Amino acid sequence: MQVQKLRLQRGWSQQQLAELSGLSVRTIQRIENGSAASTESLKSLASVFEIDFSTLSSEPAMPDTPTSSPSHTPSASQQEQLALLEVRKLKGFYLHLAQYVVVIAALCAINLLTTPHRLWFYWPALGWGIGILAHAAAIFGWLPFLGVGWEKRQVEKRLGRPL
């Protein structure tokens, strides 16, 4: 909970804190929800917040809720938060796609009305279309080599732990 307070005081999102600390967003979420954090994670966070490591390491751990199991299954509240995060990402993709369609249609109309003999609207359509495909790949998990396993390996690598 202290990590969340420190993060909110600075006006940072969990994503921003993750990038600054070299931890994954999921690790930040777990720590903020009261899960025990590794010493390396706490040191990274203390460094980012520019506070003494002992301030974070002395933070009392929140007790496990009755719904949590020894296998570290997320609680119903955590599952709802994760589901909401996924839905927001999906909504962001659909808004991005809608913007693409509207803007490219407008550019096409402008192109056809002003210079029908020279078609140029397909260049922005192609460039932005590649961005849309990249966004879709990230949202729908089309790039498994950049998934959760990759994130964990990168975190371990940056924390100097053996892989």
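Note that the structure is predicted; figures quoted are calculated from it, not measured.
- Contact annotation: the side chain of Asn111 never approaches that of Arg118 to less than 4.5 Å [non-hydrogen atoms, C-beta and beyond].
- Following chains of ILVMFWY side-chain contacts shorter than 4.5 Å, one can reach Ile132 starting from Leu126, so the two form part of one hydrophobic cluster.
- Using a 4.5 Å heavy-atom threshold, the side chains of Leu45 and Leu6 count as separate.
- For the pair Ile28/Trp12, no side-chain contact is recorded, criterion being any heavy-atom separation below 4.5 Å from C-beta on.
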Next item on the list: Might you work through the side-chain contact (heavy atoms from CB on, under 4.5 Å) test for Val3 and Leu17, ending with a clear yes or no?
Entry: CA-CA 10 Å; Val3 171; Leu17 178 57; 4.0 Å; yes

Check: Passes side-chain contact (heavy atoms from CB on, under 4.5 Å), Leu119 versus Leu112? Steps please.
Finding: CA-CA 7 Å; Leu119 299 179; Leu112 293 175; 3.6 Å; yes

Item checked: Derivation and outcome, side-chain hydrogen bond (donor to acceptor under 3.5 Å, both in side chains), residues Ser41 and Ser44 -> CA-CA 5 Å; Ser41 295; Ser44 294; over 6 Å; no

Give every donor-acceptor pair under 3.5 Å between a side-chain atom in residues 93-108 and any protein atom, sequence neighbours left out.
unit_1: His96; atom_1: ND1; unit_2: His135; atom_2: ND1; d: 2.8
unit_1: His96; atom_1: NE2; unit_2: Trp128; atom_2: NE1; d: 2.9
unit_1: Tyr100; atom_1: OH; unit_2: Ala125; atom_2: O; d: 2.9

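- Under the side-chain hydrogen bond (donor to acceptor under 3.5 Å, both in side chains) test applied with Gln14, the options Glu32, Gln4, Glu19, Arg26 reduce to a single match, Glu32.
- Note: Gln15 CD to Ser24 OG = 9.5 Å, rounded to the nearest 0.5 Å.
- Side-chain contact between Leu84 and Arg88: present, with at least one pair of heavy atoms (C-beta onward) separated by less than 4.5 Å.
- In this structure a side-chain-to-backbone donor-acceptor pair under 3.5 Å is missing from Ser47 to Lys43.
- By the criterion of side-chain heavy atoms lying less than 4.5 angstrom apart, applied directly or through intervening Ile, Leu, Val, Met, Phe, Trp or Tyr residues, Leu133 is not grouped with Ile130; the two fall into different hydrophobic clusters.
- Side-chain N or O atoms of Thr27 include none that pairs as donor or acceptor with a backbone N or O of Leu23 at under 3.5 Å.
- At distances below 3.5 Å, not a single donor-acceptor pair connects side-chain atoms of Arg30 with backbone N or O atoms of Ser35.
- A donor-acceptor distance shorter than 3.5 angstrom exists from the side chain of Arg10 to the backbone of Phe49, with no hydrogens or angles considered.
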